[in-house]
Visitor: 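Attaching a single structure in structure tokens format; questions to follow.
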Amino acid sequence: MRLQNLHSWGISIKEAKVVQKSLSERIVKYDSFSEVKTVAGLDIGFHGDVARASCAVFSYPDCILIEEKVYDGRVNFPYIPGFLSFREIPVLASVLEMVETEPDVLIADGQGIAHPRRLGLASHLGVLADKPTIGCAKSILIGRCEEPGNEKGSYTYLIDREEVIGVCLRTRSGVKPVYVSIGNKISLESAREVVLNCCKKYRLPEPIRWAHKLASN
DNA sequence: GCGACAG
DNA sequence: ATCTTGTCGC
């Protein structure tokens, strides 16, 4: 057996890199939607062998739960920094097929273009689904940034190779910031605005918080 | 070669 | 991601 190709996608890391570079060229970095009325949060939780993918659709900007779905499946691609999407997209795609409410924007728990080859989970998902997506991560994968102000809403730019790849956003006063980046079909400004408006009482946006609960219960 | 490294 | 109770601080 070939130890390098034991993944569901049937590809090696080397080939995955080629796929990432290719798909990253398809990312649309400006707003490509009319109005945001619904936002969906996506996440995955692991329970031994099963991976529970979840999707929570909320109204925007009120943030009222509209629909929730979970899908139990398995992942066969290991977690390798820089290749998270190859591990999570299969089950996320399955749970998305169950959703009846068509979300205007998807928020993924991870990076968008704030990635070595500019194709983090949110971007990969956005290109395949051809939908607006936002990457909202709890920590940095790549890039550097200054510490933003202490008040909710303040932010600084996340930079890599002289390029702005996202923002470090304070979603709640006095609390550790999150990292927001373009996934697909949305501008960095709009991505930041949507995430901030979805943060009501906690650090993470409501759709992500709810999806997180669904995936872990 | 060494250190970093989303979830 | 996941294993896990109490504890420090506003």
Side-chain angles (χ1 to χ4, degrees), chain A residues 7-9 13 16-17 19-20 23-24 27 40-56 70-96 106-128 133-145 150-152 157-161 163 165-184 188 191-192 195 201-205 207-217:
Chain A
H7 310 310
S8 66
W9 295 64
I13 293 302
K17 286 185 181 179
V19 170
Q20 295 180 322
L23 292 183
S24 68
I27 298 172
L42 301 169
D43 196 21
I44 293 179
F46 293 86
H47 298 70
D49 286 17
V50 298
R52 174 163 294 173
S54 63
C55 179
V70 295
Y71 171 83
D72 288 337
R74 295 200 173 201
V75 299
N76 20 45
F77 199 95
Y79 168 66
I80 301 173
F83 301 89
L84 176 66
S85 61
F86 291 89
R87 175 180 173 75
E88 306 200 335
I89 282 185
V91 282
L92 287 180
S94 294
V95 77
L96 280 174
L106 306 178
I107 300 181
D109 196 343
Q111 314 292 349
I113 63 172
H115 176 281
R117 287 163 294 283
R118 307 293 184 261
L119 194 88
L121 173 62
S123 294
H124 196 157
L125 195 62
V127 170
L128 294 189
T133 59
I134 297 171
C136 181
K138 298 181 290 299
S139 61
I140 295 175
L141 171 60
I142 194 175
R144 296 191 33 151
C145 66
N150 225 321
E151 331 70 47
K152 172 177 182 175
Y157 288 105
L158 180 60
I159 297 171
D160 175 50
R161 299 182 231 157
E163 180 187 347
I165 57 176
V167 295
C168 173
L169 175 66
R170 188 83 67 185
T171 55
R172 189 185 167 183
S173 299
V175 171
K176 185 202 291 189
V178 299
Y179 304 87
V180 178
S181 57
I182 291 174
N184 186 38
L188 181 56
R192 173 169 56 76
V195 168
K201 191 180 177 183
Y202 305 94
R203 174 166 88 119
L204 300 178
I208 290 295
R209 292 189 67 245
W210 199 260
H212 194 20
K213 282 188 177 182
L214 290 175
S216 58
N217 287 326

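Every chain is numbered from 1 and lettered A, B, ... according to where its sequence line falls, protein lines coming before strand lines.
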Visitor: In terms of heavy-atom contacts, does NZ of A:Lys152 have more than 12 from other residues, nucleotides or ligands at under 6.0 Å?
Guide: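 Yes, enclosed.
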Visitor: I need the CG-P distance between A:Leu42 and C:dA1, as an integer number of Å.
Guide: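 Distance check: A:Leu42 CG to C:dA1 P gives 15 Å.
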Visitor: Would A:Lys213 and A:Asp43 pass as an ion pair if we require N to O under 4.0 Å?
Guide: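 Salt bridge between A:Lys213 and A:Asp43, a charged N being under 4.0 Å from a carboxylate O: no.
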Visitor: Run through DNA chain B and report every stem of 3 or more consecutive Watson-Crick or G-U pairs, distances under 3.5 Å, ordered by first number.
Guide: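 As far as DNA chain B goes, consecutive pairing (with distances under 3.5 Å) yields no stem.
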Visitor: Among A:Asp160, A:Leu121, A:Leu84, A:Leu141, exactly one meets side-chain contact (heavy atoms from CB on, under 4.5 Å) together with A:His115. Which residue is that?
Guide: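 With A:His115 as partner, side-chain contact (heavy atoms from CB on, under 4.5 Å) holds for just one option, A:Leu141.
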Visitor: Identify the heavy atoms of A:Ala53 and A:Val95 that sit nearest to each other, and give their distance.
Guide: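 Of all heavy-atom pairs spanning A:Ala53 and A:Val95, the closest is O-CG2, 3.7 Å.
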Visitor: Tell me whether A:Thr133 contacts the main-chain N or O of A:Ala122 through its side chain, where contact means a donor paired with an acceptor under 3.5 Å.
Guide: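 Present.
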Visitor: Please report the C-alpha distance between A:Phe83 and A:Arg117 in whole Å, then the side-chain angles of each, then the deciding distance to 0.1 Å, and finally whether the side chain to side chain contact (heavy atoms under 4.5 Å, CB included) criterion is met.
Guide: CA-CA 10 Å; A:Phe83 301 89; A:Arg117 287 163 294 283; 3.2 Å; yes
Visitor: Check whether any side-chain heavy atom of A:Val178 sits under 4.5 Å from a side-chain heavy atom of A:Pro205, and report yes or no.
Guide: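 Side chain of A:Val178 against side chain of A:Pro205, heavy atoms only: no contact under 4.5 Å found.
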Visitor: Under 4.0 Å between any heavy atoms, over every strand shown, what does A:His212 touch: base, sugar-phosphate, or nothing? Just pick one.
Guide: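 The residue A:His212 makes sugar-phosphate contact but no base contact.
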Visitor: Taking A:Gly174's backbone N and O only, do any of them form a donor-acceptor pair with A:Asn150's side chain (distance below 3.5 Å, no angle check)?
Guide: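 At least one qualifying donor-acceptor pair exists.
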Visitor: Between the protein and nucleotides 5-7 of chain B, list every N/O to N/O distance that falls short of 3.5 Å.
Guide:
{"from": "B:dA6", "atom 1": "OP2", "to": "A:Tyr79", "atom 2": "OH", "distance (Å)": "2.6"}
{"from": "B:dA6", "atom 1": "N7", "to": "A:Gly82", "atom 2": "N", "distance (Å)": "3.1"}
{"from": "B:dA6", "atom 1": "N6", "to": "A:Gly82", "atom 2": "O", "distance (Å)": "3.3"}
{"from": "B:dA6", "atom 1": "N6", "to": "A:Phe83", "atom 2": "N", "distance (Å)": "3.2"}
{"from": "B:dA6", "atom 1": "N6", "to": "A:Leu84", "atom 2": "N", "distance (Å)": "3.1"}
{"from": "B:dA6", "atom 1": "N1", "to": "A:Leu121", "atom 2": "N", "distance (Å)": "3.1"}
{"from": "B:dA6", "atom 1": "N3", "to": "A:Gln111", "atom 2": "N", "distance (Å)": "3.1"}
{"from": "B:dG7", "atom 1": "OP1", "to": "A:Lys138", "atom 2": "N", "distance (Å)": "2.8"}
{"from": "B:dG7", "atom 1": "OP1", "to": "A:Lys138", "atom 2": "NZ", "distance (Å)": "3.3"}
{"from": "B:dG7", "atom 1": "OP2", "to": "A:Ser139", "atom 2": "OG", "distance (Å)": "3.1"}

